[in-house]
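Just below is one structure, and these are the notes that go with it.
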Amino acid sequence: SAKDMKHRLGFLLQKSDSCDYSSSQGKKEKISSSPRVSQEEVRKWADSLENLIHHDRGLAAFRAFLKSEYSEENIEFWVSCEEYKKTKSPAKLSPKARKIYDEFISVQATKEVNLDSCTREKTSHNVLEPTLSCFDEAQRKIFTLMEKDSYRRFLKSPYYLDLVSPPGAGCGPENCKRNHTHSLDCNSNIISQCA
């Protein structure tokens, strides 16, 4: 509900040191001078999850949304896999693979992602002799999970809706509910903190 969202947003803003009155003044100047995402670009985020997470600001907005739902481990795992694939040194593959496995896939993982037992087992086996593609299947499963679930909710959330509606849009019936949850500036503030 809008009330829950407002409460969560307030919590996020309180938690962040950048929303103190003293430091938010400097942040506002920094945000306004940083390049804004064009409306056209923001609309492309609704075309596919891929468009969204391959854009820095889109990824930051999606991550902030997932954090509000306490499910940011999915995007963190996906990002970790993308970083892992860029590993140049073969000597670094094993320790990096082990770190990702321990953090996201192992049964005792602190940020365990939701994988079926077959994919988990196959990935466990792949990590024994890691290659750049050893997490591909698990990453694909998590991407599909986000695409079918949280991405759809994100597109209906103020995290996206406040960015896609142009600043200064009137309080018509479609915008009225959004304007009461939080302002575009506040949302941009969260996104730039996560970026």
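This chain uses plain numbering: 1 for the first residue, then up along the sequence.
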Do [X] and [Y] have side-chain heavy atoms sitting under 4.5 Å apart?
X: Glu41; Y: Arg57; result: no
X: His55; Y: Lys44; result: no
X: Phe135; Y: Ile105; result: yes

Donor-acceptor contacts, no H, no angles, side chain residues 71-81, under 3.5 Å, sequence neighbours left out:
unit_1	atom_1	unit_2	atom_2	d
Glu76	OE1	Lys111	NZ	2.8
Ser80	OG	Glu76	O	2.9

- prompt: Do Gln39 side-chain atoms and Leu163 backbone N/O form a donor-acceptor pair below 3.5 Å?
  reply: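 Yes, the answer is positive, given that a donor and an acceptor are paired below the 3.5 Å cut-off.
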Would you give the length of the straight line joining atom [atom1] of [X] to atom [atom2] of [Y], rounded to the nearest 0.5 angstrom?
X: His54; Y: Glu82; atom1: NE2; atom2: CD; value: 5.0 Å
X: Phe104; Y: Asn114; atom1: CZ; atom2: CG; value: 14.5 Å
X: Lys141; Y: Cys118; atom1: NZ; atom2: SG; value: 7.0 Å
X: Leu93; Y: Lys88; atom1: CG; atom2: NZ; value: 11.5 Å
X: Glu103; Y: Thr110; atom1: CD; atom2: OG1; value: 5.0 Å
X: Glu147; Y: Arg152; atom1: CD; atom2: CZ; value: 7.5 Å

Smallest separation among heavy atoms of [X] and [Y], with atom names:
X: Ser94; Y: Pro130; value: CA-CG, 3.6 Å
X: Thr123; Y: Ala138; value: OG1-CB, 3.7 Å
X: Ala46; Y: Tyr160; value: CB-OH, 3.3 Å

Working for salt bridge (charged side-chain N to carboxylate O under 4.0 Å, His left out), residues Asp102 and Arg98: CA-CA 6 Å; Asp102 289 344; Arg98 176 53 55 190; 3.4 Å; yes
message: Parallel, tilted or perpendicular, judged at 30° and 60°: which one describes the rings of Phe65 and Tyr159?
response: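 Taking Tyr159 first and then Phe65, their aromatic rings stand perpendicular (interplane angle over 60°).
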- prompt: Once the angle between the rings of Tyr151 and Phe62 is folded into 0 to 90°, is it parallel (under 30°), tilted (30 to 60°) or perpendicular (over 60°)?
  reply: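 It falls in the perpendicular class, over 60°.
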field: Presence of salt bridge, Asp149 and Arg153, under 4.0 angstrom
entry: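 A salt bridge is present here (some side-chain N lies under 4.0 Å from a carboxylate O).
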Residues Lys86, Glu83: salt bridge by 4.0 Å N-O rule: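 Salt bridge between Lys86 and Glu83, a charged N being under 4.0 Å from a carboxylate O: yes.
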message: Run the ring-ring contact (aromatic ring centres under 6.0 Å, His included) test against Tyr101 and tell me which residues pass, sequence neighbours left out.
response: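 Partners of Tyr101 by the ring-ring contact (aromatic ring centres under 6.0 Å, His included) criterion come out as none, since no residue qualifies.
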Atom NZ of Lys85 with >12 non-hydrogen neighbours under 6.0 angstrom: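 Atom NZ in Lys85 is packed in, count exceeds 12.
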- request: For a side chain to side chain contact (heavy atoms under 4.5 Å, CB included) with Leu49, tell me which candidate from Asn51, Asp47, Ile53 qualifies.
  value: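 That would be Ile53; it is the only one of Asn51, Asp47, Ile53 passing the side chain to side chain contact (heavy atoms under 4.5 Å, CB included) with Leu49.
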task: Identify the residue among Arg120, Lys122, Glu121 that makes a side chain to side chain contact (heavy atoms under 4.5 Å, CB included) with Leu115.
output: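 Looking at Arg120, Lys122, Glu121, the match for Leu115 under the side chain to side chain contact (heavy atoms under 4.5 Å, CB included) is Arg120.
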message: Just to verify, what does Glu50 make a salt bridge (Lys or Arg N to Asp or Glu O under 4.0 Å) with, not counting sequence neighbours?
response: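 Here no residue qualifies.
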